[in-house]
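Given the structure is predicted, the values throughout are model-derived calculations rather than measurements. In what follows, every heavy atom counts, from backbone to side chain, and hydrogens, waters and symmetry copies are set aside. Residues take their numbers from the sequence shown, with the count starting at 1.
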Amino acid sequence: MKVKIMHQVDWRGWDDRKGKVPLLEDQVNEFIADKEVIDIKYSNSISMAANQEMSDTDHDESVLIIYEDKLSTIKQKTFEYVSNDSEINDFTKKHDVIKIEHFGALDDVTTIITYKEDN
């Protein structure tokens, strides 16, 4: 199990999706895209200070992400005596293919596809 703590870099970027400051939500979504999330905790705080000469407001957003890296398994699928390539093409479109190998002669070709599958 791993932990990642993230803070909003600059709260003024909250609603500015076109600006240089990424929203905390976008940062979190990008980080967890390839993770197995166990839990997410969110904290939001506002502080204010004022005197006769000035006033200031500070806003802080924090996220704690508890996660594990996604595990992948390497698998192979064998296609023997395929009359056309559509079955192989359909398979490669739906899987994270690492390597395709062909063995045999013109009319007797065996294709082995090595691919990655997330657990």
Side-chain angles (χ1 to χ4, degrees):
M1 184 177 342
K2 297 180 181 179
V3 173
K4 174 78 171 174
I5 298 172
M6 304 175 91
H7 297 280
Q8 179 65 41
V9 179
D10 183 349
W11 67 271
R12 290 170 288 175
W14 266 11
D15 298 318
D16 184 11
R17 289 191 179 266
K18 295 178 185 174
K20 295 179 182 176
V21 178
L23 293 171
L24 183 60
E25 178 181 327
D26 295 336
Q27 294 170 4
V28 170
N29 287 335
E30 183 178 330
F31 178 78
I32 66 173
D34 62 348
K35 309 286 189 286
E36 192 69 38
V37 176
I38 297 168
D39 199 2
I40 297 178
K41 303 293 184 189
Y42 172 78
S43 174
N44 180 351
S45 64
I46 297 175
S47 62
M48 290 185 255
N51 61 27
Q52 293 175 340
E53 298 165 6
M54 62 163 253
S55 66
D56 190 23
T57 302
D58 191 20
H59 185 267
D60 181 50
E61 287 184 297
S62 301
V63 174
L64 169 74
I65 303 169
I66 302 170
Y67 70 97
E68 290 189 11
D69 292 322
K70 283 188 180 175
L71 300 176
S72 297
T73 303
I74 304 297
K75 294 187 173 185
Q76 287 187 323
K77 174 135 176 101
T78 302
F79 294 89
E80 295 185 47
Y81 313 112
V82 178
S83 59
N84 64 39
D85 292 337
S86 63
E87 184 181 358
I88 294 170
N89 290 337
D90 289 343
F91 185 86
T92 59
K93 289 177 187 175
K94 296 175 185 173
H95 295 83
D96 188 3
V97 174
I98 298 169
K99 178 171 55 173
I100 300 174
E101 300 172 286
H102 303 285
F103 301 97
L106 292 175
D107 293 333
D108 186 18
V109 176
T110 299
T111 301
I112 298 176
I113 299 178
T114 306
Y115 63 100
K116 197 168 34 168
E117 188 173 272
D118 292 334
N119 295 336

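In the hydrophobic clustering of ILVMFWY residues, with side-chain heavy atoms under 4.5 Å counting as a link, I40 and L24 come out together. Placement of V97 and I112 in two distinct hydrophobic clusters is found when ILVMFWY residues are connected by side-chain heavy-atom separations under 4.5 Å, directly or transitively. Side-chain heavy atoms closer than 4.5 Å link hydrophobic residues (I, L, V, M, F, W, Y) into clusters, and following such links, even through other members, never connects I32 to I38. Cluster membership check: L64 does not share its hydrophobic cluster with Y67, using side-chain heavy-atom separations under 4.5 Å among Ile, Leu, Val, Met, Phe, Trp and Tyr. Connection of I100 to V109 is not established within any shared hydrophobic cluster, with ILVMFWY side chains joined at heavy-atom distances below 4.5 Å, either directly or through further cluster members.
Residues V28 and M6 form a side-chain contact, since some pair of their non-hydrogen atoms from C-beta on lies under 4.5 Å apart. Side-chain atoms of I65 and V3, non-hydrogen and from C-beta on, never get closer than 4.5 Å to each other. No side-chain heavy atom of I66 sits under 4.5 Å from any side-chain heavy atom of V37.
For the pair K35 and F31, the distance from NZ or CZ to the six-membered ring centre is under 6.0 Å and the angle to the ring normal is within 45 degrees. Both tests hold for K77 against F79: distance to the six-membered ring centre under 6.0 Å, angle to the ring axis within 45°.
Of all heavy-atom pairs spanning N51 and E53, the tightest one is OD1-N, 2.8 Å.
Ionic pairing of K70 and E36 is not present here: no N-O contact between side-chain nitrogen and carboxylate oxygen is shorter than 4.0 angstrom.
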Give the intermediate values and the outcome of side chain to side chain contact (heavy atoms under 4.5 Å, CB included) for residues K116 and T73. CA-CA 6 Å; K116 197 168 34 168; T73 303; over 6 Å; no
Between I113 and I88, is a side chain to side chain contact (heavy atoms under 4.5 Å, CB included) present by the stated rule, with each step listed? CA-CA 9 Å; I113 299 178; I88 294 170; 3.8 Å; yes
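The residue from E101, K99, K75, Q76 that alone fulfils the side chain to side chain donor-acceptor pair (under 3.5 Å) condition with T114 is Q76.
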